[in-house]
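Here is the structure we will look at, set down as structure tokens.
Order of listing sets the numbers, starting from 1, for every ligand and every atom in it.
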Amino acid sequence: MRYGYFDNQNREYIVDRVDTPVSWTNYIGVNDMCAVLNQTAGGYSFYQSPQYHRITRFRPNAPMESPGHCVYLRDDDTGKYWSISWQPVGMDLNRAKYTCRHGLSYSKFLCDYQKIRAAQTILIPLNEPVEIWDVVLENDSERPRRLSVFSYLEFSFHQIDMDNQNFQMSLYAAGSDYEDGVIEYDLHYEEQGYQWFASSFEPDGFDCLRDRFLGSYRDERNPQAVERGECFGSCGTTGNHCAVLQKKLTLSPGEKTRVAFFLGEGKRAAAAPYRKKYANPENIDRAFADLAKFWDDKLTRFQVQTPNPGMDTSLNIWNLYQAEVNIMFSRFASFIEVGGRTGLGFRDTSQDAMAVPHSNPQKCRQRLMQLLRGLTSEGYGLHLFQPEWFDPERKGERQSFQSPTMIPTPDRSEIVHGIKDACSDDALWLVGSIVEYIKETGEISLLNETVSYADGGDGTVYEHMKRILDFSGREIGPDGICKGLRADWNDCLNLGGGESAMVSFLHFWALDGFIQLSRFVGKTQEAETYAVMAKAVKDACNDHLWDGKWYIRGITESGRKIGTCSDREGKVHLESNAWAVFSGVADGERGMLAMDSVDRYLYTPYGLMLNAPSYTKPDDEIGFVTRVYPGVKENGSIFSHPNPWAWCAEARLGRGDRAMKFYNALLPYDQNEKIEIRQSEPYSYCQFVMGKDHPAFGRARHPFMTGSAGWAYYAATHYLLGVRPDFDRLTIDPCIPKDWAEFDVVRAWRGAVYEIHVENPDHVCKGVKRLELDGSAVADGIPAQQAGSRHKVLAVLG
Ligand code: IFM
């Protein structure tokens, strides 16, 4: 069963059955003003922060994502009414046709009912804090139609805590009024607590008081004002507020009209320029075209054509989009993370920044700097922090989304709690991201920039990297393996003073990148020093972590090994085995055996499970993972994020068929036709898919905000297709299925464009036997070419 299809031409996913099993999400806005909406326009908007500056209300964890940003239509002759985005009125789907087109930073809701064709497109122009609802109506009947159009959204008390609890102040501190066609919403206790709502027309009616518009014992499905066809003209101080503007219009047979609604930041006066500008629909079209160009510029930096259509659609459109949304929104705005916490998760943001330095170098750089400032001088990162705390430009100030109730930057002593708060992996990812950023951009000077530490003092970026590696070199257990501390990548594996195999592998990977970088920039002394550390790490791993057919996951504080062949639960773990191989710790046969065990014990048609069998008995020496339901999240689900690590590992081993088998299993695109199992959207990786040990095996949850987006993109582009930047060259080293005869990649790198054609006449998985740049043989990768130039690259495998 399917609920929609991919329209690659328009870079849209078209939901043609809008009663999807769960919300199918999209992200609107790429700068300060953003909205998270589903396929029925349910969701919320915020300005800069979903935690401190929520604009529209969201009822978290309720049966529908509500309320939404909706437009009601009413036939003023018959009194029938409906909403363009299906919900909230929710007509019978056999009598009305609804479609949602989720595009890149916009969503379009279409409806065909009562012989009125309607469309509502929601977008936020690139650099303007205004949400536009572009509404087109067409009379498809043979008689003139008298219609009323009503907008509806519900305002929020801005700060999520205020909006969800203890209303004794907020409820009496919110006000609204209407003047000259503009609604102004005021959260009285906030200095900047204003929003406005306006339209392209002179309204025939308005309502700003939610409960007046809806009426008693009603909700958004049957508002009294819509039912009677007339707004009440309500506004005032206190209570809950909404934005309703009504327009009455008559459409002759075949006539089409276009009206627009606008939601913006600031007082009423701020509305005027936007109203004027966007009352002209050509300017809306221009804003829409600018958004399309914004995404086109990003996507065209890596385009691929392979024998795998799902991979093409994913890499050319949706996977990059999802990875970009993660780096832009930094994870905390969704229907799951409803803005209750914001800031940067150290490990998550570090990994997000690895994936898109080619399409968003500025944002990646900004994130890297924020993370470097969130590093303590001891070399561990603050697991979760607000980057504003350490922003040199904002020192001593409150955050920009200022309000008297907002907590100002805390003292350092309140922020840095010492090692008891540290996760063992957090900062290691940052070393890798910096290395990747420099490989992409060539910006070596970054290493010499001076950056503060979270607990005081400062050092160069290079010095920060050394402190991270030293911390992991120091925080080791009795076997020389990194301590697990509060957690490693797996939040639910809480080994404390016990040892984490995965982190030692990660340490080795970070060391390897750092050593290569040091050699490249001529810091040979440091390269040698850290090569000694790397050898010690590798030896310790191979001496203590190999179990005969796979690598164990760790060792508890009491010395018990986790993930051994004698374990009945949690026997084989994905993270440690994939990282053993990908990091380069596992050589030759051990690598093959380890990944064979992954295939044997963890593979499912929906991807690789994190561990198997799942834990069923609480065991606090191992951690919270043993208290999670079997087959769910960290306990034996198909946790998406580590899956790409296995693709990279298989690519390192040269087994392209296996790598692609793993890739395809997780690929959301491939589940479009059996979406009743997956339930979640097929254009986004989800955080996890229920594993074999859960009755809902195959059901995916938590779309968009997940590290799997960045890693899937990174692994597929860098290791499966094998096009990866190095410090001074572009490496072409694919690992593909044997039956692929050829594929093409267009890759922009350091200002030049490379049209790469890969041929596979001998049907191998890996190994480039001939590499040509513009017809001439080159030995070892493609040296960086002049910015602005375009080149043809041929790679022949064999
Ligand atoms: O690695 C974590 C991540 O930081 C948050 N989501 C869950 C992952 C696995 O525990």
Would you mind listing which atoms of ligand 1 come within a distance below 4.0 Å of any non-hydrogen atom of [X]?
| X | result |
| --- | --- |
| Asp348 | 3 (C), 4 (O), 5 (C) |
| Gln687 | 6 (N), 7 (C) |
| Asn490 | 10 (O) |

Determine whether the aromatic ring centres of residues Phe688 and His702 are separated by less than 6.0 angstrom.
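Centroid distance His702-Phe688: below 6.0 Å, so yes.
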Minimum-distance protein heavy atom relative to atom 2 (C) of ligand 1:
Trp489 O, 3.3 Å
For atom 5 (C) of ligand 1, the closest protein heavy atom turns out to be Asp491 OD2, 3.4 Å
Does Arg678 make a cation-pi contact with Tyr606, if we ask for NZ or CZ under 6.0 Å from the ring centre and within 45° of the axis?
no
N/O to N/O below 3.5 Å, does that happen between His641 and ligand 1?
no
Parallel under 30°, tilted from 30 to 60°, perpendicular over 60°: which one fits the rings of Tyr683 and Tyr13?
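Rings of Tyr683 and Tyr13: tilted, 30 to 60°.
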Search all heavy atoms of [X] against all heavy atoms of [Y] and return the closest pair with its distance.
| X | Y | answer |
| --- | --- | --- |
| Leu320 | Leu315 | CB-O, 4.2 Å |
| Ser558 | Glu621 | OG-OE2, 2.7 Å |
| Phe332 | Gly343 | CE1-O, 3.2 Å |

To which of His383, Lys633, Glu634 does the heavy atom nearest atom 9 (C) of ligand 1 belong?
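Nearest option to atom 9 (C) of ligand 1, by heavy atoms: Glu634.
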